[in-house]
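Read through the structure below, which is laid out as structure tokens, and then see the notes.
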Amino acid sequence: MNKRDDFILRKYPDHSGRLVILNGVMIMIITVLRTLLLYIFIIFAVRIMGKRTISELQTSELVVTLLISDIAAVPMQNTEQPMISGIIPILILVACEVFVSLFMLKNDKFRRVICGKPVIVINDGKIDQKAMTDLRMSTEDLFEELRQKDVFKLEDVAYAIIETNGKMSILKKPASDIVTAAQLGVQTKDNGMQAVIVSDGVIADSSMEFCELNRKWLKQTLIREKIQLKDIFIMTANRGRKYNIIKKADA
Amino acid sequence: MKRTIISAVILILIISAVTISIIINNNTSSDMLEGIDNAIEFCSKGNNSKALNEIDRIIENWDSASDILMVFSSHDKADEVDEALHIAKVYAENGENNMFIAECSRAKIMIKQINELEYPRLHNIL
């Protein structure tokens with residue numbers, strides 16, 4: 001018997017198939033626990049970075065988001081790596097991202113270095129071919145972006161700007177734009193914004209506060225409508241006290 | 001502003017954690033290396049019983065220290081050191097002094113490597 005086998009027998013007296021299976025099960029349990037912990041941790045990390053990261057990614061935010069996903073995968077899949085080897089880089093990235101975005105807020109030049117600046121590709125109805133070349137944007141890309149903004153004729157566009165996050169903003173020519181009530185001289189009532197005040201039988205107090213409503217009003221409304229709170233799927237309301245109730249399917 | 005404060009706190013905590021890991025690693029490895037050197041010396045002088053006692057002590061220290069070390073370092077590296085120490089013990093029990101010294105030296109190199117990886121040196125960064 002060689003020394004390695006002797007060592008293994010001393011350290012693991014019950015050197016049998018059961019040990020191998022048990023070891024495999026333990027590794028799976030560790031993987032499950034690590035995945036759960038890292039999942040919670042990444043949600044926390046993205047929350048620290050803020051809502052912008054989730055909606056419209058700037059260059060630095062895109063980089064950080066991609067890196068976080070790759071870094072988190074390593075300790076998740078490889079139980080030999082300590083979990084801290086994933087947590088520390090993610091925390092550093094989050095902290096750096098917050099500081100960089102704060103500095104970008106204060107310093108316009110720095111922001112231009114990191115994010116670039118918006119580029120006008122259609123200027124006063126004329127396509128800027130040099131700008132398109134600089135952006136490596138083909139005519140197909142341009143028309144695709146226009147169609148996604150419900151513009152199907154080039155002549156309708158006054159200005160088209162590629163923003164720093166890569167999205168296109170369009171200003172149509174007045175003759176092609178949608179007419180507003182103000183332009184027609186039509187008086188319209190401002191109904192305010194609707195908010196969900198009851199969702200699946202649960203009252204959203206913050207939405208109630210936004211709509212300048214209270215629970216007393218809600219209770220009176222439900223009595224008038226002859227409906228119970230637990231039977232409501234969605235209830236929306238606005239500051240004008242106009243409401244809409246959708247009952248649960250099984251109510 | 002809240003996010004900035006949280007990020008600043010995070011950075012401070014990370015720097016503290018990294019510093020603590022370097023200190024723990026350094027303390028553990030220096031203690032282990034000294035112990036291994038002593039064991040090698042005892043074995044070289046033919047004092048096998050003392051070498052065996054020393055290696056037992058080292059294994060006991062490593063078992064307790066490796067739980068903390070594994071939080072910061074790769075687990076397989078810690079396991080390799082553990083394996084080398086146990087094999088060295090077997091050699092000492094069987095009176096194979098040359099193999100004991102070789103295995104101890106191997107363990108020393110691995111402990112030094114674990115220690116070396118913690119320091120922010122250029123070759124580690126690049």
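Just so we're clear, the structure is a prediction, and the values are computed from it rather than from any experiment. A note on names: the letters A, B, ... follow the listed sequences, proteins ahead of strands, and every chain is numbered from 1.
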key: Distance (rounded to the nearest 0.5 Å) between B:I14 CD1 and A:L91 CG   = 4.5 Å
message = With rounding to the nearest 0.5 angstrom, report the CD1 to CZ distance, B:I6 to A:F44.
response = 6.5 Å
Test item: B:R3 side-chain N/O and A:R47 main-chain N/O as donor-acceptor pair under 3.5 Å = yes
Just checking [X]: does its [atom1] atom have more than 12 heavy atoms from other residues, nucleotides or ligands closer to it than 6.0 angstrom?
{"X": "A:F99", "atom1": "CZ", "result": "yes"}
{"X": "B:N98", "atom1": "CG", "result": "no"}
{"X": "B:K77", "atom1": "NZ", "result": "no"}
{"X": "A:F110", "atom1": "CZ", "result": "yes"}
{"X": "B:E116", "atom1": "CD", "result": "yes"}

Contact check, side chains of B:I10 and A:I48, non-hydrogen atoms, under 4.5 Å = yes
query = Quick one: are A:P82 and B:H75 in side-chain contact, heavy atoms under 4.5 Å?
reply = yes
key: Proximal component of B:A8, with respect to chain A [non-hydrogen, under 4.5 Å]   = both
ask   = What part of A:L102 is in contact with chain B, defined as an atom under 4.5 angstrom from a non-hydrogen atom: side chain, backbone, both or neither?
value = side chain
key: Nearest atoms (heavy-atom pairs only) where B:V71 meets A:I84   = O-CG2, 2.9 Å
key: Which atom of B:L11 lies closest to which atom of A:I92, heavy atoms considered   = CD2-CD1, 4.4 Å
